[in-house]
Peer 1: 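Structure provided below as structure tokens; questions to follow.
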Amino acid sequence: MESLSDYFSFGIHSSARVMHSSIVFLGQAAQILTKLATGKANHKEIAITLRQTFESLGATYIKLGQFIASAPSLFPEEYVEEMQKCLDSVRPVAYRDIRSIVERELGDKLENLFRYFEEAPLASASIAQVHAAITKEGLDVVVKVQRPDVHTTLKTDMQILGLLTKILEWIAPEFKKSGLTGMFSEFQTSIMQEVDFIQEAKNIEEFEAYLLSVNEERARVPRVYHGLSNKRVLTMERFHGVPITDEAGLRQYSNNPRKVLNDALEIWFSSLASKGFFHADVHAGNVMILKDGQIGFIDFGIVGRISPNVWNGLMLFTQGIGMGEPSLVAQGLVAMDSTSEGVDPKVLGEQLENVFNEMETVYQAMALGEASSFDESKLNRLMYDLKDVAEQNGLKIPREFALLMKQMLYFDRYVKTMAPEINLFRDTKKFVNT
């Protein structure tokens, strides 16, 4: 979008969406402005109001909330903490609408496309809905179907958010220095990738190609059925198993849950080290132990790609945390930023001392306590402090780093539950099999 006129190119559906969004935003904005005017502003309360607003507005705003939650180095802790509650579970789309979408997108009657198609969804989220089905050839599959008008809704919402960004930067020039435009651009890129199922299919097959190239037999991804897929419908092999966090379930398919976790870590880290490509949403439901004992990676709507600089920096950073060496943490941050010429790691390390000591305290609490007792808001605060010190020294922390740290925290929680003797941060290199 090159000019403000681009933000007003709305059709009928878009105009209705603009009106609805405006009504919701104005109602909530009035509450927030009243609190600000009376000097009773409480950022935790404002964050709750925003989160509730995002959930009521649906797809784009739920994803925006999740984007904020995934980037503690970019946003204040009250908002990051609250947005972690952003629910990506919405009212299911009626079966007749799902049927209509599949038939329109794939160009035939549902009965001609599938032998069986389950009317009740397996899962319903803000962007898509998943149904179990059986193909004409008798293959057990899942069909991921985008919600009606989701593309138009996203496009309209992006126009609204883009306009709000421009207005904020015009009213308050300090927002330009905050990198707000860059954040919006990253969010826009991220969410548009998620609604392109052709790209998701490519992501799945890229990871599969990596597994094949290294003769990796411990894990697999679902096969994509391209004849029953396009940009808005994705048909994939159905996996049967349990989430990797379900230790009791794991024991049904493996007598060594610790080895399963170790294998998953090796595979994930090795793809990152050798290809700079990683599954960027490894929450419990997306990494499974299958009935045949293999590890199944699913849902490749969000993937990350990093440069060798970021990888090398990550290795130094994690070793620094695990070994209690702030100088290594500083070297890692410097290595991540290709524009870091002139930054003195020793000076940076000294300035990081307080942040690092707090970080070490939090990490030790994680290592000694139960995974469920970890206060994530403390880590978010530390990431925010880390960003401040880095920026004071002229460094930029790439967003991919925040994505990586989020995935490592997911894995670290699994480790603390099933293999507490592992120090994931100190021992990162042990999981790299290249």
Peer 1: If you apply the rule side chain to side chain contact (heavy atoms under 4.5 Å, CB included), what do you find for Leu139 with Ile134, and how did you get there?
Peer 2: CA-CA 5 Å; Leu139 300 169; Ile134 297 175; over 6 Å; no
Peer 1: Quick one: do His279 and Ser271 satisfy side chain to side chain contact (heavy atoms under 4.5 Å, CB included)? Show the steps, please.
Peer 2: CA-CA 9 Å; His279 189 306; Ser271 74; over 6 Å; no
Peer 1: I need the Leu234 CG to Ile204 CD1 distance, nearest 0.5 Å.
Peer 2: 5.5 Å
Peer 1: Evaluate the side-chain proximity of Glu266 to Glu216: yes if any heavy-atom separation is below 4.5 Å, no if none is.
Peer 2: no
Peer 1: Sequence neighbours left out, what passes salt bridge (charged side-chain N to carboxylate O under 4.0 Å, His left out) with Lys136? Give chain and number order.
Peer 2: none
Peer 1: So how far is it from Leu113 CG to Lys109 NZ, rounded to the nearest 0.5 Å?
Peer 2: 10.5 Å
Peer 1: Evaluate the side-chain proximity of Val93 to Ser124: yes if any heavy-atom separation is below 4.5 Å, no if none is.
Peer 2: no
Peer 1: Which pair of heavy atoms, one from Leu348 and one from Ala330, lies closest together, and at what distance?
Peer 2: CD2-O, 3.7 Å
Peer 1: With rounding to the nearest 0.5 Å, note down the distance linking CD in Gln294 to CG in Leu211.
Peer 2: 9.5 Å
Peer 1: Check for a donor-acceptor pair, side chain of Ser274 on one end and backbone N or O of Ser270 on the other, with a separation under 3.5 Å.
Peer 2: yes
Peer 1: Please confirm whether the backbone N or O of Arg251 pairs with a side-chain atom of Ser254, one donor and one acceptor, at under 3.5 Å?
Peer 2: no
Peer 1: Any sub-3.5 Å donor-acceptor pair from Gln129's side-chain atoms to Pro121's backbone N or O?
Peer 2: no
Peer 1: Could you report the tightest heavy-atom contact between Leu228 and Thr235, atom names first, then the distance?
Peer 2: O-OG1, 2.7 Å
Peer 1: Identify the two heavy atoms, one from Pro257 and one from Asn255, that lie closest to each other, and give their separation to 0.1 Å.
Peer 2: CD-C, 3.7 Å
Peer 1: Do His240 and Asp140 have side-chain N/O donor and acceptor atoms under 3.5 Å apart?
Peer 2: yes
Peer 1: Does the side chain to side chain contact (heavy atoms under 4.5 Å, CB included) test come out yes or no for His131 and Ile98, once each step is laid out?
Peer 2: CA-CA 9 Å; His131 289 256; Ile98 291 293; 3.8 Å; yes
Peer 1: Does any donor atom in the side chain of Glu208 or Tyr210 lie under 3.5 Å from an acceptor atom in the other side chain?
Peer 2: no
Peer 1: Quick check for you: to the nearest 0.5 Å, what is the distance between Met236 atom CE and Glu200 atom CD?
Peer 2: 6.0 Å
Peer 1: Could you check if a side-chain atom of Leu290 sits within less than 4.5 angstrom of a side-chain atom of Tyr253, using non-hydrogen atoms only?
Peer 2: no
Peer 1: Between Asn393 and Val389 (side chain of the first, backbone of the second, donor and acceptor by atom type, cut-off under 3.5 Å), is there such a pair?
Peer 2: yes
Peer 1: To the nearest 0.5 Å, tell me how far Leu314 CG sits from Leu272 CG.
Peer 2: 6.5 Å
Peer 1: Which residues pass the salt bridge (charged side-chain N to carboxylate O under 4.0 Å, His left out) test with Arg220, not counting sequence neighbours?
Peer 2: Glu237, Asp292
Peer 1: According to salt bridge (charged side-chain N to carboxylate O under 4.0 Å, His left out), who are the partners of Glu103, at least two apart in sequence or on a separate chain?
Peer 2: Arg99
Peer 1: Report the residues that fulfil ring pair (Phe, Tyr, Trp, His ring centres under 6.0 Å) with Trp311, sequence neighbours left out, ordered by chain and then residue number.
Peer 2: none
Peer 1: Check whether any side-chain heavy atom of Ile244 sits under 4.5 Å from a side-chain heavy atom of Val260, and report yes or no.
Peer 2: yes
Peer 1: Got Val102 and Val145 here, is their nearest side-chain heavy-atom distance under 4.5 Å?
Peer 2: yes
Peer 1: Treating Asn112 as the side-chain partner and Asp108 as the backbone partner, does any N or O pair qualify as donor plus acceptor under 3.5 Å?
Peer 2: no
Peer 1: Where do Ala128 and Arg147 come nearest, in terms of heavy atoms and distance?
Peer 2: N-CG, 4.1 Å
Peer 1: Could you label the plane-to-plane angle of the Phe278 and Trp268 rings as parallel, tilted or perpendicular, counting under 30° as parallel and over 60° as perpendicular?
Peer 2: perpendicular
Peer 1: Any donor and acceptor pair, going by atom type alone, linking the side chain of Asn230 with main-chain N or O of Glu105 inside 3.5 Å?
Peer 2: yes
Peer 1: Between Phe207 and Phe297, is the gap from one ring center to the other below 6.0 Å?
Peer 2: yes
Peer 1: Is the backbone N or O of Ala133 less than 3.5 Å from a side-chain atom of Arg238, with the two atoms forming a donor-acceptor pair by type?
Peer 2: no
Peer 1: Check for a donor-acceptor pair, side chain of Asn203 on one end and backbone N or O of Phe300 on the other, with a separation under 3.5 Å.
Peer 2: yes
Peer 1: Verify side chain to side chain contact (heavy atoms under 4.5 Å, CB included) between Val143 and Val130, making sure each step is shown before the conclusion.
Peer 2: CA-CA 6 Å; Val143 185; Val130 179; over 6 Å; no
Peer 1: Is Leu395 close to Val334 at the side-chain level, that is, under 4.5 Å between some pair of heavy atoms?
Peer 2: yes
Peer 1: Can you confirm whether Ile302 sits close enough to Glu194 that some side-chain heavy atom of one is under 4.5 Å from a side-chain heavy atom of the other?
Peer 2: yes
Peer 1: State the OG-CG distance between Ser229 and Leu106, to the nearest 0.5 angstrom.
Peer 2: 7.5 Å
Peer 1: Indicate yes or no: at least one non-hydrogen side-chain atom of Gln146 is less than 4.5 angstrom from one of Val233.
Peer 2: no
Peer 1: Would you mind listing every salt bridge (charged side-chain N to carboxylate O under 4.0 Å, His left out) that reaches into residues 298-310, with sequence neighbours excluded?
Peer 2: Lys144-Asp299, Glu206-Arg305
Peer 1: Going by the rule salt bridge (charged side-chain N to carboxylate O under 4.0 Å, His left out), which residues pair with Asp263 if we only count those two or more places apart in sequence or in a different chain?
Peer 2: Arg218, Lys259
Peer 1: Compare every heavy atom of Ile298 with every heavy atom of Phe239, then report the nearest pair and how far apart it is.
Peer 2: CD1-CG2, 3.6 Å
